[in-house]
Amino acid sequence: MRDFDIIVVGAGPAGLAFARGLEGSGLTVALVERQPAEVLAEPPVDGREIALTHRSVATLEKLGAWNRIAPDQIFALRAARVYNGRSSLALGFDTDGGPEDRLGCLVSNHLIRQSLFDAMEGQDGVTLMADTGVEHVHADRAGARVTLADGRTLTARLLVAADSRFSAVREQLGISAEINRLGKSMLVVRLSHEMPNHGIATEWFDHRQTIAMLPLGEHISSAVLTLKSATIERIAAYQPEILAAEIEDRFDRRLGTMQFVSGPRVYPLATTYARHFVSDSSALIGDAAVGMHPVTAHGFNLGLQSAATLSRLVRGAAQKDRPIASPLLLRRYETRHRLATRPLYSGTNLLVHLYTAESPRAHVARRAALEAAAHFAPLNTAISRMLLRH
Ligand SMILES: Cc1cc2nc3c(=O)[nH]c(=O)nc-3n(C[C@H](O)[C@H](O)[C@H](O)COP(=O)(O)OP(=O)(O)OC[C@H]3O[C@@H](n4cnc5c(N)ncnc54)[C@H](O)[C@@H]3O)c2cc1C
């Protein structure tokens with residue numbers, strides 16, 4: 001007799017969405033999280049602004065989380081522009097006259113986490129074990145066993161790792177991953193600005209820096225600056241008004257003068273892709289499976305998709321009284337999620353390389369690619385469609 005049907009490690013957005021997706025399935029779930037319950041109920045602001053696709057919004061609606069986010073905290077993303085250095089050529093992504101008036105929405109990460117936690121709290125069958133980390137896991141065809149930091153041991157039919165891109169559970173399951181530490185960091189800071197942004201996100205790849213502006217209302221944006229880690233640390237230590245002036249300058253005053261609102265926060269950049277998403281009686285979801293480069297803003301969306309794909313398969317099996325961790329079911333999850341993620345993961349890394357490589361050959365290739373895209377509308381349309389769908 002096992003303690004639970006499923007043990008989920010990590011109550012980040014992926015772990016919460018997976019547990020929430022099992023509502024009404026009759027399955028018992030232990031959700032183990034290192035952070036205390038009070039922090040999960042009111043997550044601190046972390047400066048991440050998540051660009052949600054229409055598909056993610058629909059998933060959050062289904063999970064009962066979307067209507068818990070205050071409407072004035074949801075910002076329309078009407079279009080996106082990608083610039084290369086001083087060139088006036090830009091890749092433009094918009095809704096292309098389709099039925100939608102926006103590419104997606106921007107919502108702060110802490111609000112999404114809070115809404116998912118609120119929706120999940122008190123859910124039948126879910127036991128939250130907060131304030132304790134998972135120390136050790138073992139899984140084989142018969143099931144999974146987990147040892148907590150406080151010494152308790154739990155058993156289950158299925159183990160789900162949702163413990164982030166440097167997943168210790170993944171490692172203990174013996175699943176290796178492609179890990180690229182990029183030696184760069186991202187600084188995120190919220191600023192107000194003189195000129196309106198019209199709901200357009202801008203990504204500007206300039207000489208040795210990348211700077212993005214994400215619209216949070218007409219005159220407020222989240223600036224995301226990517227540089228060598230040592231430089232970012234130095235800039236993060238600036239006084240608020242000097243930091244605002246620095247970003248204003250680095251953005252070439254395209255939005256006029258800027259004032260500091262909140263932040264800054266720093267995140268080291270690393271991308272990861274697990275060689276397998278499943279093993280005996282276990283599966284990886286969220287960043288534990290795929291840690292995307294944030295430049296195309298897909299990490300959260302794909303994490304949510306992984307949680308939805310796996311919970312749908314597990315629910316379906318439970319309803320038919322079939323095993324919830326059979327090799328066939330797990331393989332099905334892996335195949336679907338690899339298909340959904342591999343092209344985007346590789347495409348994003350290629351895009352980043354194309355735009356950030358500094359050799360003269362790379363400059364020529366970049367310009368050629370931009371010109372090709374600017375004069376070949378179907379390419380832009382295809383990318384926009386991809387953004388709208390995922
Ligand atoms: C600056 C920045 C901007 C981003 N912007 C976007 C964007 O615009 N769009 C987008 O789609 N994505 C974006 N992302 C990516 C997105 O934030 C992640 O993909 C998402 O948070 C991953 O969710 P997760 O649940 O898999 O992992 P996490 O959010 O990392 O959660 C993992 C949880 O597991 C817990 N945990 C870890 N180890 C253990 C353990 N041993 N025992 C118990 N608990 C444990 C942790 O405490 C944590 O709560 C951005 C990321 C960054 C850094």
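All ligand and atom numbering here is 1-based and tracks the order in the structure.
- The only member of His193, Met195, Glu194 that meets side chain to side chain contact (heavy atoms under 4.5 Å, CB included) when paired with Thr257 is Glu194.
- Those atoms of ligand 1 that come under 4.0 Å of a heavy atom in Gly133, given as number and element, are 42 (N), 43 (C).
- The closest approach between any non-hydrogen atom of Gly303 and ligand 1 is not below 4.0 Å.
- Looking only at heavy atoms of the protein, atom 47 (O) of ligand 1 is closest to Glu33 OE2, 2.6 Å.
- Side-chain atoms of Glu135 and Thr147 form no donor-acceptor pair, as typed in the model, at a separation below 3.5 Å.
- Side-chain polar atoms of Thr53 and Ser56 form a donor-acceptor pair below 3.5 angstrom.
- In this structure, Arg342 is positioned above the aromatic face of Tyr273, its NZ or CZ under 6.0 Å from the six-membered ring centre and within 45° of the axis.
- Taking NE2 of His138 as the reference point, atom CG of Asp280 lies at 8.5 Å (rounded to 0.5 Å).
- Residue contact check: Gly286 has heavy atoms under 4.0 Å from atoms 26 (O) of ligand 1.
- Of the possible donor and acceptor atoms, none in the side chain of His110 sits under 3.5 Å from a partner among the backbone N and O of Glu42.
- Of the protein's non-hydrogen atoms, Ser164 CA, 4.0 Å is the one closest to atom 27 (O) of ligand 1.
- Residue Arg265 places every heavy atom at 4.0 Å or more from ligand 1.
- Although no hydrogens or angles enter the test, the distance criterion places no donor-acceptor pair under 3.5 Å between the side chain of Gln239 and the main chain of Glu241.
- Note: an N/O pair closer than 3.5 Å links Pro13 and ligand 1 by distance alone.
- Residue, atom and distance of the protein heavy atom nearest to atom 25 (O) of ligand 1 are Ala14 N, 2.9 Å.
- If you check which protein heavy atom lies closest to atom 17 (O) of ligand 1, you get Arg48 NH1, 2.7 Å.
- Scanning the protein heavy atoms around atom 32 (C) of ligand 1, the nearest turns out to be Ala162 O, 3.5 Å.
- Between the side chain of Thr348 and the backbone N or O of Leu344 there is at least one donor-acceptor pair closer than 3.5 Å.
- Against a heavy-atom cut-off of under 4.0 Å, Asp287 is close to the following atoms of ligand 1: 18 (C), 19 (O), 22 (C), 26 (O).
- Distances below 4.0 Å separate heavy atoms of Asn301 from the following atoms of ligand 1: 11 (O).
- Both tests do not hold together for Arg250 against Trp204: distance to the six-membered ring centre under 6.0 Å, angle to the ring axis within 45°.
- For atom 42 (N) of ligand 1, the nearest non-hydrogen atom of the protein is Val134 N, 2.9 Å.
- Among protein heavy atoms, atom 9 (N) of ligand 1 sits closest to Ala297 O, 3.2 Å.
- At a 4.0 Å cut-off, not a single heavy atom of Glu135 sits close enough to ligand 1 to count as contact.
- If you check which protein heavy atom lies closest to atom 10 (C) of ligand 1, you get Phe300 N, 3.1 Å.
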